[in-house]
Protein chains: 2
Amino acid sequence: MTKKGKEELDLTTEQKIKEAAIRVFTKKGYGNARTRDIAEEAGINLALLNYYFRSKEKLFDIVMAERIEKLFGVLAPVLFDATTSLEEKLDRIVENYITMLIEHPELPIFVLSEMRSNPGDMANRLQARKLLTDSIFIKQLADKRKDINPVHFLMNILGMTLFPFIGKPVLETLLGGGDEAYMAMMEERKKLIPRWVKLMLNES
Amino acid sequence: MTKKGKEELDLTTEQKIKEAAIRVFTKKGYGNARTRDIAEEAGINLALLNYYFRSKEKLFDIVMAERIEKLFGVLAPVLFDATTSLEEKLDRIVENYITMLIEHPELPIFVLSEMRSNPGDMANRLQARKLLTDSIFIKQLADKRKDINPVHFLMNILGMTLFPFIGKPVLETLLGGGDEAYMAMMEERKKLIPRWVKLMLNES
DNA sequence: AAACATTTTAATCAATTGATTAATAAAACT
DNA sequence: AGTTTTATTAATCAATTGATTAAAATGTTT
């Protein structure tokens, strides 16, 4: 394996394939994506796909791991930050998520819909439970509101933040005005969602 | 076409195929579902699938139309009801949705993920915009809070209600305790979500 | 029962698709 | 330069898969 010194503008073949795979898998899902689609999208010969990655499934696993990291990587650093308050964390989570999702609107539906097929397998890879037991966020929440179940609380934040991207095809039609109007609305939500969540937090 | 008089316990072949198709398509999605899977699930010969429905795609369209109706049919009757208050409507929407989704947890992820592939096509079939222009719900909301964008408001209700089912694989791992514990939590949300939404509604 | 229509089956087709192979081109090494 | 390794291509394979066909079975009508 000879790493050429040309990482100027154009990518290596391996990178081209992986990035094409990300686009095609994300758009069509595993079952609807053809390896030929990926090869064409990458502008390479079909055999090269199997030369660099052993099979469609192996390539998919790599893509999926990256996508999962992108989707949930937003969350952990904020939740474990010891230097910010609970309310600041709310602001950051929503702000970070929406900023990222405006760039990658199809990310949540892709990850969550592919997860339904391989249940358990990937959910574990996230070490999701550590989040509940170890995170500063959960401690801060328990400190302020012993009566609020943190899982309910997370469902609300993530639901209000992620769902508009998952339901985009429907909600965009509902709203009218096309993609620009929709994304403008997502920008609004960066400020609105934290306000609403803080209402729950300060409820009598 | 001879309609036999035996709709006692067992279904007609056509019904058996359709119901098997609902199960298989909902679980695996269009691309990952094989017509042979459906035939086997229905306990019939593969050729019968093409005899009753012309093709996999035609069968899928029928299944999809039914699933869309199931997912959004919950909403319209409540939103257009002239006899209930805004707050009563909130209670009903959440209650109806969660009750239905406990029976069909994979419904939202199926419909929304398949919609991403056929964008526009099905979104229109919902006549979603009528909901914004004609529904009593929207009128009542505008009456109470001119400053709240009804689309934001709907995103919040649907996000908090539907998202826990869409993200079930992850959130269930987070919670621990398996399916029963998770569904118990969904029952709790029937009362909690309306309370939270009413906070937004009565915010200063 | 005979004739006809409908339903079901087993076998097969043709196209798609993931993967491999053998040959060629390009790059790296000595 | 010559040799070996790495990268790329065109052609092809074998399995899967949606769909069809021709025959058999079942049901209906007269």
inquiry  = Less than 4.0 angstrom from a charged side-chain N to a carboxylate O is my criterion; do D37(A) and R23(A) meet it?
reply    = no
ask   = Does R36(A) place a side-chain N or O at less than 4.0 Å from the phosphate oxygens OP1/OP2 of dT17(C)?
value = no
request  = Starting from C1' on dT8(C), measure out to NZ on K16(B) and report it in whole angstrom.
outcome  = 11 Å
query = Does NZ or CZ of K56(A) come closer than 6.0 Å to the centre of the six-membered ring of F25(A), within 45° of the ring's axis?
reply = no
inquiry  = Taking 4.0 Å as the cut-off, does a side-chain nitrogen or oxygen of T35(A) come that near to OP1 or OP2 on dG18(C)?
reply    = yes
ask   = Around K139(A), counting heavy atoms of other residues, nucleotides and ligands shown, do more than 12 lie under 6.0 Å from its NZ?
value = yes
Sugar-phosphate, base or nothing in reach of A39(A), heavy atoms under 4.0 Å = nothing
task = Could you check how far CD of E40(B) sits from P of dA10(C), rounded to whole Å?
result = 14 Å
key: Interatomic distance where CD belongs to Q15(B) and C1' belongs to dT7(C) [whole Å]   = 16 Å
query = Separation of N50(A) atom CG from dT21(C) atom C1', in whole Å?
reply = 12 Å
remark   = Whole-Å distance, Y30(A) OH to dG18(C) C1', equals 9 Å
ask   = At under 4.0 Å, does any side-chain N or O of T13(B) touch on OP1 or OP2 of dT7(C)?
value = no
task = Return the value, rounded to whole Å, for the distance between atom NZ of K56(B) and atom P of dA15(C).
result = 18 Å
query = Name the one of R92(B), Q140(B), K89(B) that satisfies side chain to side chain donor-acceptor pair (under 3.5 Å) with T84(B)?
reply = K89(B)
inquiry  = Is any side-chain heavy atom of M155(A) closer than 4.5 Å to one of R189(B)?
reply    = yes
ask   = Think N45(B) has a side-chain N or O under 4.0 angstrom from the OP1 or OP2 of dA10(C)?
value = yes
ask   = Could you state the CG-P distance from L11(A) to dA7(D), rounded to the nearest angstrom?
value = 16 Å
request  = Rounded to the nearest angstrom, tell me the gap between atom NZ in K28(B) and atom C1' in dT17(D).
outcome  = 13 Å
key: Phosphate-side-chain proximity, R34(B) and dT16(D), N/O vs OP1/OP2 below 4.0 Å   = no
inquiry  = Strictly below 4.0 Å: does Y51(B) bring a side-chain N or O up to OP1 or OP2 of dT9(C)?
reply    = no
inquiry  = For a quick check of understanding: with a heavy-atom distance under 4.0 Å over all strands, which category does L49(A) fall into, base, sugar-phosphate or nothing?
reply    = nothing
